[in-house]
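Working notes for the structure below.
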Amino acid sequence: MTVLERYFASEIIRSVLFALLAFLSLFAFFDLMGELQEVGHNGYMIQHAMLFVLLGMPGYVYELMPIATLIGTIFTLAQLAARSEFTIMRVSSLSTVMAAKILAKIGVLFMLVTLLFGELLAPKSSELAEKVRLQAQGASVSQQFRSGLWTKDQIRADGVTGAIVGTRFFNAQTITPAGRLEGVRLYELDNEFHLARIVTARTGDYLGKNTWQLNGVTETSFADGRVQREITAPLVLRNLPKESLVSEITPEILSVLFSDPDRMSAYDLLAYTRHLKANNQRTERYEIAFWKKLIYPLSVFVMMAMALPFAYLHFRAGGVSLKIFTGIMIGVSFLLVNNLFAHLGLLNTWSPFLTATLPSLFFLAIAAGTLNMVDRHR
């Protein structure tokens, strides 16, 4: 790394960290104000609210990193232009292409940080934040349906790898913060979609390796393997204290049902999308979220490309504060367009890859056009 690259890197990193810290402080304040109305109810105290807000910060780091990169880069370049340093660099043979390469090298660091928070820290911290809140309130997780949580998997002859011999509908009234299922009901159908078995259990605990232990089990089986059309179909009723269940459904898949796809990791999104496809369920929402997760870290480079033209604007054409305000508006616009395309893609069944990519390509085209314009008139 040359002296010039180190100088750019140190100035931009300092500015980006300052902008990111300012945004995080602002969002933490608003989130804490929102949590205060819950403080004092059901054992939820101020320390729980503060911990909940703190655990939400990695998610904001992931979401705000491109905007912070844009604002920090604009501030640095505007400062260099105001002090005529950038003019001296240009006179010393710093071309637009060279400046773009320097920013791209610095952008790799911010991309890796964004990827780290989006894939590792934010999903785990968001999940932990919800557990903290639920445990403090003594509450349990449930779907918005009155009947609880519903999902579906396939019954295989040999665990989770054999031939498909049926379909299972999986229902649980509630899920505790510790991951225990309460009020479990299973409806198993054969390949001809005849009801073959009904299982109810008081609780269910995950043992690992796709195995659940059901407690307080009542099992209703049909003697010939399916429900007869006649009312006199023979039944076998058994009451068991415990029973093992091998299923594709895992706590990770169940947690997806309550998670915001934008806060999930790409790995979890890919695994859940495969599960939905295997069970012939709609996957568009999770596919869009998956591609957004892959594309979003690359938006750091788009934001730095958007910032580069500001270096060619002389300080008399607008103060640093005006340039920063413009950068904030560009960053907010990028987030709005990104979210807008996600909803439009879901409604119009657009290609998930194009839905996630088009906003970045749109802003990259604007950046390239603006940079070409200022470069021709410099």
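The figures that follow rest on heavy atoms only: side chains count, while hydrogens, waters and symmetry mates do not.
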Go through the steps for Glu182 and Arg202 under the test salt bridge (Lys or Arg N to Asp or Glu O under 4.0 Å), then give the verdict.
-> CA-CA 6 Å; Glu182 297 179 348; Arg202 186 176 65 256; over 6 Å; no

Please lay out, stage by stage, how Leu115 and Leu120 fare under the test side-chain contact (heavy atoms from CB on, under 4.5 Å).
-> CA-CA 8 Å; Leu115 194 62; Leu120 298 178; over 6 Å; no

Trace of the side-chain contact (heavy atoms from CB on, under 4.5 Å) decision for Thr167 with Lys152 | CA-CA 7 Å; Thr167 302; Lys152 173 187 173 187; 3.5 Å; yes

Test Ser125 against Glu127 for side-chain hydrogen bond (donor to acceptor under 3.5 Å, both in side chains), laying out the working first.
-> CA-CA 5 Å; Ser125 65; Glu127 181 181 348; over 6 Å; no

Would Asp31 and Met33 count as a side-chain contact (heavy atoms from CB on, under 4.5 Å) if you check the C-alpha gap in whole Å, the side-chain angles of each, and the deciding distance to 0.1 Å?
-> CA-CA 5 Å; Asp31 283 355; Met33 292 300 102; over 6 Å; no

Apply the test side-chain contact (heavy atoms from CB on, under 4.5 Å) to residues Asn191 and Ile164: give CA-CA distance (whole Å), side-chain angles for both, the deciding distance (0.1 Å), then the verdict.
-> CA-CA 8 Å; Asn191 284 330; Ile164 298 174; 4.0 Å; yes

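The ring pair (Phe, Tyr, Trp, His ring centres under 6.0 Å) pairs that include a residue from residues 321-343 are Phe334-Phe363, where partners are two or more places apart or lie in different chains. Annotation: ring pair (Phe, Tyr, Trp, His ring centres under 6.0 Å) contacts involving residues 76-132, sequence neighbours excluded, comprise Phe86-Tyr312.
We find the CD1-CG distance between Ile198 and Leu189 to be 9.5 Å, quoted to the nearest 0.5 Å. If you take CG on Leu207 and CG on Asp205, they are separated by 7.0 Å, rounding to the nearest 0.5 Å. Here the OH atom belonging to Tyr206 is positioned 9.0 Å from the OG atom belonging to Ser247, to the nearest 0.5 angstrom. Once rounded to the nearest 0.5 Å, the distance linking CE of Met98 with CG of Leu4 reads 7.5 Å. Expressed to the nearest 0.5 Å, how far OG1 of Thr96 lies from CG of Leu371 amounts to 5.5 Å. Remark: Thr273 OG1 to Arg285 CZ distance equals 11.5 Å, nearest 0.5 Å.
For Asn348, the side-chain contact (heavy atoms from CB on, under 4.5 Å) test picks out Leu344, Trp350, with sequence neighbours left out. The side-chain contact (heavy atoms from CB on, under 4.5 Å) check on Leu54 picks up nothing, with sequence neighbours excluded. Under the rule for a side-chain hydrogen bond (donor to acceptor under 3.5 Å, both in side chains), Thr357 has no partner lying at least two apart in sequence or in another chain. Ser15 pairs by the side-chain contact (heavy atoms from CB on, under 4.5 Å) definition with Phe75, Thr76, not counting sequence neighbours. Residues meeting the salt bridge (charged side-chain N to carboxylate O under 4.0 Å, His left out) test with Lys293, sequence neighbours left out: none. In this structure, the side-chain contact (heavy atoms from CB on, under 4.5 Å) partners of Leu17, at least two apart in sequence or on a different chain, are Ile13. Every residue was checked against the side-chain hydrogen bond (donor to acceptor under 3.5 Å, both in side chains) condition with Thr326, not counting sequence neighbours, and none meets it. Not counting sequence neighbours, Glu119 has no partner by the salt bridge (charged side-chain N to carboxylate O under 4.0 Å, His left out) test.
Using cut-offs of 30° and 60° for the angle between ring planes, the Tyr187 and Trp150 rings count as parallel.
Judged purely by atom type and a 3.5 angstrom limit, Asp268 has no side-chain atom pairing as donor or acceptor with the backbone of Met264. Listed for the Asn210 side chain is no donor-acceptor partner under 3.5 Å among the backbone atoms of Thr250. Panel note: side chain Thr73, backbone Leu70; no donor-acceptor pair is recorded below 3.5 Å. With Thr355 contributing its side chain and Phe353 its backbone, the two residues share no donor-acceptor pair below 3.5 Å.
Ion pairing between Lys105 and Glu5 holds under the 4.0 Å rule for side-chain N and carboxylate O. Between Arg156 and Glu248, at least one side-chain N (NZ, or NE/NH1/NH2) sits under 4.0 Å from a carboxylate O, which counts as a salt bridge.
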Output a table of donor-acceptor pairs, distance under 3.5 Å, between side-chain atoms of residues 296-311 and any protein atom two or more places apart or on a different chain; print 'none' if there are none.
{"from": "Tyr296", "atom 1": "OH", "to": "Glu63", "atom 2": "O", "distance (Å)": "2.4"}
{"from": "Ser299", "atom 1": "OG", "to": "Tyr296", "atom 2": "O", "distance (Å)": "2.4"}

Per-pair distances, 0.1 Å, donor-acceptor, side chain in residues 19-28, under 3.5 Å, sequence neighbours excluded:
{"from": "Ser25", "atom 1": "OG", "to": "Leu21", "atom 2": "O", "distance (Å)": "2.8"}

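For Phe362, the CZ atom counts as loosely surrounded, since its 6.0 Å shell holds 12 or fewer non-hydrogen atoms of other residues, nucleotides or ligands.
Inter-residue side-chain proximity for Glu11 and Gln79 is flagged as unmet; no heavy-atom pair is nearer than 4.5 Å. In this structure the side chain of Phe170 reaches within 4.5 angstrom of the side chain of Leu181, judged on heavy atoms. Val199 is not listed as a side-chain neighbour of Arg185, based on a closest heavy-atom distance of 4.5 Å or more.
Taken together through direct or relayed side-chain contacts under 4.5 Å among Ile, Leu, Val, Met, Phe, Trp and Tyr, Val217 and Leu237 form parts of separate hydrophobic clusters.
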